[in-house]
S.K.: 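Have a look at this one.
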Protein chains: 2
Amino acid sequence: MQRPGGRTARVRTAVLKAAEDALVEVGFAGLDLGDIARRAEVGRTTVYRRWGSVAALLADVLADMAEQSLPRTRTGSLREDLRACARLTQRTLAHPRQGALFRAVLLAATCDASAAEALHRFYRVRVDEWAPCVTEAVDRGDLPPGTDPAEVIRAVSAPLYYRMLTTPDPLDEPTADRAATAAEAAARAGAFRAAQAGDPGTDTYGTVPPSTSTTGSRRTGREPR
Amino acid sequence: MQRPGGRTARVRTAVLKAAEDALVEVGFAGLDLGDIARRAEVGRTTVYRRWGSVAALLADVLADMAEQSLPRTRTGSLREDLRACARLTQRTLAHPRQGALFRAVLLAATCDASAAEALHRFYRVRVDEWAPCVTEAVDRGDLPPGTDPAEVIRAVSAPLYYRMLTTPDPLDEPTADRAATAAEAAARAGAFRAAQAGDPGTDTYGTVPPSTSTTGSRRTGREPR
DNA sequence: ACGCTAATGGAACAGGAATCCCGTTAATGA
DNA sequence: TCATTAACGGGATTCCTGTTCCATTAGCGT
């Protein structure tokens, strides 16, 4: 028989809070379940038993956070909607507490399956929350029919995450606005329409090497960008 | 007196190789310098002395990788250039070995200053490598004057990284092509021109709350997207 | 070739995180 | 209100990572 009431819930709240605090203070690498238990004034054993690892604990933090998410704003304009979406992402990532949290969960997700699943669910929910503004724009005729709403929303946030991860530059509002503008422009141009047959250019890549399989190690040169 | 020759270089090579192997096999979370030393058939002491931490070692792996990067392809078409760029990124991230490596270094960068610096330098170099194709497109008149080359290149990769991190979906070639198409469309529409005064829309955000400072915690609701 | 010493590697040591054991506390339902 | 037992908490224990010490190896200059 499970006992989610009273004490158990209190302990969970205290530990999640302590985990966030610890994360902001010492960073992801410095997280230690024993330390978190101390901050939460809870027995070490309890934390180890209920969560077992930093990644699992962060997954729970994310799940808790997801329940508190805000509804999207609703303007009547695609431009304004996307800008609001971008600003929200920018503000969240730039926020000292929430930003640290998101970076940490992104990290944890690449190491731990439960954290990855929690993260994926979180983003699925968030995209679904904002997708309607794209659908409405399509209905209004502002965007071409067949535009994939989720892709547009993802296109708004992607540059912000990429910038956060790969450059030392701060995430400011102009950056957010630029991301929104770019996503809107691409959407208007039909870049996010669902794959349609005969799209010119999809079959004419003369310069890209075959790359039959990514498994082959015929070349040692690496190359992302 | 320093002795970069012979044995030292051999040890470095063996350790970096072993680190990559270990990364692919046990993942970032499971990395252990002792284990890496064992794989490299090198004394633990040596690894601890020369690198000291997983993050520092990964930074060195990244530096080593950067030296082996391939030059960009050169077609005469912006569309083809961006597609090649996107495909290269996609192929790299989807590659079992290199993909794991990049994810790990991204992680390490958020925990360790030296890894972060190595990562930033790496992406700066990569962007600089590809930026010319945008500059050339501007010169040809394919893109509006004032277009920021680096931003266009980053816009190509951003969706791929975002997808890799936030969804369980595989990174395939259609995804890469879509990213290239979207970046091109946005660039053509002038979304990446350097900030110019009087850009209509930049000053008319009626729905976005003030958000004077991101530090304030007046609301507990969180919200990325 | 030879000597100097940077660099390595084995082994012992230390510190701390994760686990286990078991008594205590307090939610839950009758 | 009371019995039941899920869940907690403190302390001992184990395991393992990272450090230190010192002997050995092998670049490097002469």
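What you see is a predicted model, and the numbers here were worked out from it, not measured in a lab. Just so it is clear: chains get the letters A, B, ... in the order the sequence lines come, proteins before strands, and each one is counted from 1.
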S.K.: Is it true that D177(A) and R87(A) have a side-chain N and a carboxylate O under 4.0 angstrom from each other?
M.R.: yes
S.K.: Is the shortest distance from a Lys or Arg side-chain nitrogen in R124(B) or D128(B) to a carboxylate oxygen in the other one below 4.0 Å?
M.R.: no
S.K.: Tell me, with the steps shown, if D64(A) and R12(A) meet side-chain contact (heavy atoms from CB on, under 4.5 Å).
M.R.: CA-CA 10 Å; D64(A) 181 65; R12(A) 175 169 180 256; 4.0 Å; yes
S.K.: Between R74(B) and E136(B), does any side-chain N to carboxylate O distance fall below 4.0 Å?
M.R.: yes
S.K.: How many angstroms lie between atom CZ of F28(B) and atom CG of L107(A), to the nearest 0.5 angstrom?
M.R.: 7.5 Å
S.K.: Taking DNA chain D as the partner, which of residues 29-53 of chain A come within under 4.0 angstrom of it by heavy atom?
M.R.: V42(A), G43(A), T45(A), T46(A), R49(A), R50(A)
S.K.: Is any side-chain heavy atom of R154(A) closer than 4.5 Å to one of T167(B)?
M.R.: yes
S.K.: Is the backbone N or O of F192(B) less than 3.5 Å from a side-chain atom of E151(B), with the two atoms forming a donor-acceptor pair by type?
M.R.: no
S.K.: Please tell me if R10(A) has a side-chain N or O lying less than 4.0 Å from either OP1 or OP2 of dA27(C).
M.R.: yes
S.K.: Using a strict heavy-atom distance below 4.0 Å, which residues from residues 103-110 of chain A are in contact with DNA chain D?
M.R.: none
S.K.: Collect all protein-nucleotide pairs involving nucleotides 23-25 of chain D in which both atoms are nitrogen or oxygen and the distance is under 3.5 Å.
M.R.:
residue	atom	partner	partner atom	Å
dT25(D)	O2	R7(B)	NH2	3.1

S.K.: Look at D60(B) together with R50(B) and state whether they make a salt bridge at an N to O cut-off of under 4.0 Å.
M.R.: no
S.K.: Salt bridge or not between R126(A) and E129(A)? Use side-chain N to carboxylate O under 4.0 Å.
M.R.: yes
S.K.: Should we say atom CZ of R44(B) is surrounded by more than 12 heavy atoms from elsewhere, each under 6.0 Å from it?
M.R.: no
